[in-house]
Each structure stands twice: as structure tokens, then as C-alpha cells.
*Asks:* 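Before I ask anything, let me first share the structure, which is written out below as C-alpha cells.
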Protein chains: 2
Amino acid sequence: MDPGYVTLEQVAEHAGVSLATASRVINGSTRQVSQRLREKVEASAHELGYLANASAQTLARNSSSLMGLVVHDIADPYFSQIAAGVTRYAEELGLVLVLGTTNRSTQAETRIISALRSHRAKAIVIAGSRTTSEESDARLAKEIEAFGRQGGRVALVSQATLPADTVTPNNHSGAAALAQHLVAQGHRRFAILAGPPNLRTARERLDGFHCALSAAGLELAHHNVVHGDFTRDGGYESTRRLMALGTDATCLFAVNDVMATGAIAALRAMGKTVPEDLSVAGFDDIPTLRDLTPSLTTVRLPLEEMGERAAALALDSDHHGEPRVVSVEGTVMARESTAPPRN
Amino acid sequence: MDPGYVTLEQVAEHAGVSLATASRVINGSTRQVSQRLREKVEASAHELGYLANASAQTLARNSSSLMGLVVHDIADPYFSQIAAGVTRYAEELGLVLVLGTTNRSTQAETRIISALRSHRAKAIVIAGSRTTSEESDARLAKEIEAFGRQGGRVALVSQATLPADTVTPNNHSGAAALAQHLVAQGHRRFAILAGPPNLRTARERLDGFHCALSAAGLELAHHNVVHGDFTRDGGYESTRRLMALGTDATCLFAVNDVMATGAIAALRAMGKTVPEDLSVAGFDDIPTLRDLTPSLTTVRLPLEEMGERAAALALDSDHHGEPRVVSVEGTVMARESTAPPRN
DNA sequence: CACCGTTGGGAAAACTCTTTCCCAGAGTAG
DNA sequence: CTACTCTGGGAAAGAGTTTTCCCAACGGTG
């Protein structure tokens, strides 16, 4: 009856040494083992095809080689980019990455984090903007705190209200820079697809854009700001509503690229051409969207790098003070979807 | 000194019962526990904030709640779609998903699988076409076999040479159906961006397309088939090479959507318009690419569903015979990037 | 009322490692 | 030559669960 795996005890026996010695050979412990025994153990391990039992190791060491990543939706290119960065960093350190998706449910989020806690994960990266709801934040903060007491560390991507290291895009300044660019192009009246009203990221981009307009002495008409889902279809839908009400705007700013994509599709369906009838700009610079026609004016965010840096923060175990905040600047990518307005 | 976690023993003590009883209450075992004790234990567990140690459970049960997913690149929308399907299924069953990315290295692949083996994962889904290299397949087959002996199960997405359950798109028939559609539109001379020569998926799509042309009595000129990377940039590059050599084709078939995207970009850069100067078709129907202009004629694959079905196969533990193969048909999506050729 | 089967509780072994602690032997200094 | 310090090996004690095995109590049958 082949159980399918070999234990360290069998390796030790096969090599004619004690369990302790075998253990010391397999994982280079601080203790020395003589060359002779070392070779014997290594030979036996190889011959028997020994593979350590990770759970037993985790239990004995009380620390695992797992790292967690929590995203809203892995099929969303925004998150899959970040995931690629986190993955790369984890792989480099020989860590195993656990992926949890929340579908924007805070309940799922706490469930996932508690699962990671139960697995004694080393660190967790939580990506994805949070709603501004106080009460779900409190629940999450409690989980994070519990995780910290266990010796785990958390880093966040693009959200700064929780007590943990954070990598956050400077949404405010990115949106402001975009606004300045558009104003310089000659636009004076803007419409905004502002996404969900309580989503922090969406809010910051809206605010940044708004501020820059104010600074330029321009007003943003209330009826030109429409809220909707943070998705392609949300952008489509919001644009239809905006146009149905009529707008005098010459430029439409969607607070992320996928919404901008939906907006362009909606405008095309209505027989409007971009940028001739209306300019459209987005935010994020999603790689898969770079080949849209017209190509999208947007703000580039180094998403993969952000993931990597968040992973690095989460795994930097010798920092123990105030949460650190790394702010990442976006750069305006001027492309075809915006053009000076026709007078 | 707060260790940060509560053990089952502490719960048992707090509730005034034995460790065995506490264990039986927390995970509904087959054994009954009286209502009275059950409530006491539950109350204690809740009061102390008990969270089971997953490693200890895995060790004791010799079976974990982990499920593995192996992809080439999580930022590639093809894989992130599949990942979304697998995730959904895993989450439904309360399993924790471990994500491994190989960057198309078979070495990384075996490393990841052995890590999953060491964690006593329940099942693994391996997504992504394999190269047709015999020798790396053999190594992988050995890992999979070892995993099976441990009681784990593997399912593959889109590759059928290994001895494990497989969900595979019918690349051959999908490409053939696409070819038929294009021939019916009036095209007679085709060029193909065939991807890497040794990549199974690419090969099958090429073959299917080729077969259908032959059946229609059409030839495929050798110089009209160009190989290159399976990526957006590979498509761009391949198209440039194709056009530099000159082609008489009226329609260009790229064996996946991202390559088709690169092709359209390259053509545009050369001042050619699609579909007027040249029709372009792809394969996969990546959602984020649906808003391209012109919209892409392609073959739709239900990627998320494929991921889900693969997960289901991998977790269906009462099947123990020959590997099963689930074939998924693609459907031709006729859109704007192809049009009847101008005579 | 004796016997038997069932129910529910607890003690303890098992799972596979890591690490502490102890000990023998070798080397070194006084 | 003794005493002391290293060095490297092994026995055994954990780590936190699950599960087997044993036992007491109870209810029903003849």
C-alpha cells in the first residue's frame, strides 16, 4: 500500500541517521551537520523522492510560506495587472500566492482574510478601492489587527484609510494634470462619468479633476456629473443617461478606462464620433485597451509595479512603526480620443 | 504575552469539556454531541474568537482545503478569464485558491505543482496550451502522477496530451467554421499569423483553418503563413513581416485575439484600413477587446465557463477511470473587421 | 432484574515536522 | 593531566488538530 509520499522519518532511517539530523540537512538550520552525514541524507532524500509536508512545517515553525492577495475581480485587467506584480515578487521569494476574490463584497473580504489567517499566511496584499463605508472598514480593520497580532503583515493598494502600509496612486494629482491638459487643449465645459459615489478611488479622481477646473476658473455644472457602475457597462449606461438629458460639454472624463470604453461605445451607438463630436478621456491606461480606436487619452498608472511594491512592503518584516504610504504618480497620456473642441 | 491566537484546547477548557468534544462541535463530525455541550462550546469559541489552525487540520486530516491554479501569465486576459471561472467554483466550495504563474517555463510549472503537492492540495487546474515538447511533458506527467498517488486530482484546460481530465476548446472546428464563414463572404486568398510553431493551440487553429480551406478547394500559399509570438506584439511584428514581403491575401487570420489586435495596429500604422484594404479575424473573443474599432470578427470561447468546468472535473473525486475530455465548441462572431473583398 | 445495544463523553495516539536539551567525544589551555 | 569549551549527534518535547478506542450511563427487551 503506497501512501504516495515519503516522510522525513523514512529518509532518516534510510540514511541511518536520526530524525533531527535529517531535518537539519534538508532545511539548512543553524546547526552544522558533518559532510559525511549530509551527503548520505541528501542521497536518501533524492532516492526516495522526499517532499516535505508543508502543513507539518507550518505547524512546527508556526509560520508558513503563503502570501495572500485579495482583489475584487481577477478578470478585471486593472486587478490582473496588479496581481501579476504581486505574483512576480512572491515567486522570487519562493512564496506561494493565495488568490481571493471578493466581487466587491466586504463580507467575502473578511472571510478570505480570516482564511489566510487560519493558514498562518506571512503577508496579505489587499487591492482595490474600498467603499467609504465606516462600518465595513471597522470589521476589516479588526481582521487586519488580528492578523498583525499573529505576526502577519498587510499592505494595501489604492486605499489609505486602514492602518497598514499602502501603495496608492495619486488619483487627485493625476486627474488634475489630466484636467489641465484638457483645458490647455481648449475645453471649457466638461462632463464626468464619476462612478459609484461612495468608492474612494472614483471620488478622488472626481475631486482632483474638479479642483483643477476650479483653479482654472472653470465651473463644473452639477447636471454634468453622472454616477454609475465602475465597469464598461456602467460607462455605457451612464453615457446614455448623460446624453439623454442633453449636455453642453465638449469633453467627457470617465474616471477609469473601462468606463471610458463603454462611453465611446455608447457614443458610437448614438452616431456621435469621438473626438469630433465629443472628446473622451479615461484613467489607468489598461494595456489591453491601448489599441482602441480612437486611442484613449488617459492617465497611466504603473499597476504591475504597484503590485510589486505592495508585496515588498507587506513582506518587509523589520518595519514596525507607523504605516507607510507610498504614493505613485500617474502620467497623462495624450492620445486621439481628445482633441481641441470645434468652436 | 498574547500569542495572537486561541487554540481549540483553550476553547475546550473554557467550555469545561474535553478537546475531543470541542473538536466534534467545531467541525460537524459524524459523532453526536449533546445540545447542552454543543452550545457551551460554541459560546466559548465565539467569546474567545477561536479560529482553527489550518495547517494543524491539514496535518491531522491529511487533506487540505487548497486548490491550485496554474497559468502562464495572469495579466493575459485569456488566463484571467479562466481564473475567474476557477475562482468562482473554488469559492463556492469554500476552497482556498493558490495561483501559480509559469511565464511559459515548464521548470516553473513543475516547481509550482510540487509546491502544491507539498501543501496537500485537493486538486489542481493547469491552464494554458503546452508546447509540443515531449521531454518537458514527461517531467510534468511524473509530477501529476505523484500528485495522483497522494490522492490529488488534476484537470487541464486546453491541452490533451497528459493523462488527466481535460477541458479543451475545439480549436480545429472553431477555426474551420471561421474559415467557412470567410470563404462564404467571398475571400479566396488568406494569410495567417500562426503563432509559435510548437504551441499546440496555435497549431490546431492553423490546421483547422487550413483543412476547411482545402475542403473548399482553396490553397494556402506557404509564404502567407508567418510564425511569431502569441502576443499582441507578436501579432504586430508578424504583420509587419508579412506585409514587407508583400501578400496577395484579402483576409488575415490571427490565431488569437491579441495577435489580431497587434495586426490591426500594424496595418493602421502602415496606412491600411481594416476591413477595406484587408479583413482581419481573430480567435477567443476576449471581452476587453470587444470594443475595438473595427470590432473584431472572431470565434467566441466561453473561457470563464471552461475554467469552472475544469475545476468541477478536478474536484469530482468519485471518478476514477480513464481521463475524461470535455470539448467546448466555439461560435463564430461575425463583426466589422471582416467584409467581402473588393474585387 | 439481568442482558444487550446505543449514545455521548474523554483519554490518548496519530499526523509530520522543528527545536530544545542532553550527552559523548575531541580539542585546548593551564 | 585535569578542566573546560566546542562540535555534532540523537532523544524527546512540542506545534494544534482529528480520530480511535475505551468506558459509563441509559433505555429497552425477555
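Each chain gets a letter, A, B and so on, in the order its sequence line appears, and its residues count up from 1. The structure presented is a predicted model; accordingly, all values stated were derived computationally and were not measured.
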*Asks:* Applying side-chain hydrogen bond (donor to acceptor under 3.5 Å, both in side chains), can you list everything that pairs with B:Ser65, at least two apart in sequence or on another chain?
*Replies:* none
*Asks:* Walk along nucleotides 19-25 of chain D from 5' to 3' and tag each nucleotide B, S or - by protein heavy-atom contact under 4.0 Å, base first, then sugar-phosphate.
*Replies:* BBB----
*Asks:* I'd like to know if A:Glu145 and A:Arg149 make a salt bridge, using a cut-off of under 4.0 Å between side-chain N and carboxylate O.
*Replies:* yes
*Asks:* If I take atom CZ in residue B:Arg38 and atom P in nucleotide C:dT7, what distance separates them, rounded to the nearest angstrom?
*Replies:*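 It works out to 15 Å between those atoms.
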*Asks:* Quickly work out the A:Gln32 CD to D:dG10 C1' distance and round it to whole Å.
*Replies:*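 Going from A:Gln32 (CD) to D:dG10 (C1'), I get 17 Å.
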*Asks:* Please determine whether a side-chain nitrogen of the Lys or Arg among B:Arg104 and B:Asp73 lies less than 4.0 Å from a carboxylate oxygen of the Asp or Glu.
*Replies:*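 Looking at B:Asp73 together with B:Arg104, the answer is no, because their closest N to O distance does not fall below 4.0 Å.
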*Asks:* What's the angle between the local helix axes at either end of the helix from C:dC1-D:dG30 to C:dG30-D:dC1, using five pairs per end and rounding to 10 degrees?
*Replies:*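 The two end axes of the helix from C:dC1-D:dG30 to C:dG30-D:dC1 meet at 50°.
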*Asks:* Could you please name the option among D:dG16, C:dC17, D:dG10 that lies closest to any side-chain atom of A:Val17?
*Replies:*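 In terms of side-chain proximity for A:Val17, the closest of D:dG16, C:dC17, D:dG10 is D:dG10.
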*Asks:* For B:Arg309, look at atom CZ and say whether over 12 heavy atoms of other residues, nucleotides or ligands are found less than 6.0 Å away.
*Replies:* no
*Asks:* Heavy atoms from C-beta onward define the side chain here; which of C:dG9, C:dG10, C:dC15 lies closest to that of B:Leu59?
*Replies:*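 Of C:dG9, C:dG10, C:dC15, C:dC15 is nearest to the side chain of B:Leu59.
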*Asks:* Please find the pair of heavy atoms, one from B:Leu95 and one from B:Lys122, that lie closest to each other, and give the distance.
*Replies:* CD2-CD, 4.2 Å
*Asks:* Find the distance A:Glu9:CD to D:dA11:P and express it as a whole number of Å.
*Replies:*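 That distance rounds to 11 Å.
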*Asks:* Using atom NE2 of A:His119 as one end and atom P of D:dG16 as the other, report the distance to the nearest whole Å.
*Replies:* 16 Å
*Asks:* Side chains of B:Thr21 and B:Ser18: is there a donor and an acceptor less than 3.5 Å apart?
*Replies:*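 B:Thr21 vs B:Ser18: donor-acceptor pair found between side chains.
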*Asks:* Have a look at A:Asn62 and say if it touches a base, only the backbone sugar-phosphate, or nothing, with a 4.0 Å heavy-atom cut-off.
*Replies:*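 Nothing, no nucleic acid heavy atom in range.
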*Asks:* When you get a sec, tell me which of C:dG9, C:dT16, D:dG16 is the closest nucleotide to the side chain of A:Ala56?
*Replies:*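 Closest nucleotide to the A:Ala56 side chain: C:dT16.
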*Asks:* Reckon A:Ser34 has a side-chain N or O less than 4.0 Å from the OP1 or OP2 of D:dG9?
*Replies:* yes
*Asks:* Under 4.0 Å between a side-chain N or O of B:Gln57 and OP1 or OP2 of D:dT18?
*Replies:* yes
*Asks:* Using whole Å, what does the distance between atom P of nucleotide D:dG16 and atom CZ of A:Arg120 come to?
*Replies:*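 Nearest whole value for this atom pair: 8 Å.
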*Asks:* In whole angstrom, give the distance that lies between atom CG of B:Asn53 and atom P of D:dA15.
*Replies:*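 Answer to the nearest Å: 12 Å.
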*Asks:* Does a sphere of radius 6.0 Å around CD in B:Glu42 hold more than 12 heavy atoms from other residues, nucleotides or ligands, not counting ones at 6.0 Å or beyond?
*Replies:* yes
*Asks:* Between B:Leu51 and A:Gly16, which is nearer to the 5' end of DNA chain D once each is assigned its nearest nucleotide?
*Replies:* A:Gly16
*Asks:* Write down the distance between NZ (B:Lys40) and P (C:dG8), rounded to a whole number of angstrom.
*Replies:*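 Roughly 16 Å, once rounded to whole Å.
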*Asks:* Using a cut-off of strictly less than 4.0 Å, decide whether A:Tyr5 has a side-chain nitrogen or oxygen near OP1 or OP2 of C:dC15.
*Replies:*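 No, A:Tyr5 has no side-chain N/O under 4.0 Å of OP1/OP2 on C:dC15.
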*Asks:* Once you round it to whole Å, what is the distance between C1' of D:dG8 and CZ of A:Arg36?
*Replies:*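 Nearest whole value for this atom pair: 11 Å.
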*Asks:* Going by an N to O cut-off under 4.0 Å, is there a salt bridge joining B:Glu304 and B:Arg88?
*Replies:*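 Yes.
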*Asks:* What's the closest nucleotide to the B:Leu8 side chain, out of C:dG9, D:dT18, D:dG8?
*Replies:* D:dT18
*Asks:* For the residue pair B:His119 and A:Leu66, establish whether any side-chain heavy-atom pair is separated by less than 4.5 Å.
*Replies:*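 In contact.
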*Asks:* Minimum heavy-atom separation for A:Pro169 and A:Ser158, please, with both atom names.
*Replies:*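 Shortest heavy-atom contact: CD-CB, 3.5 Å.
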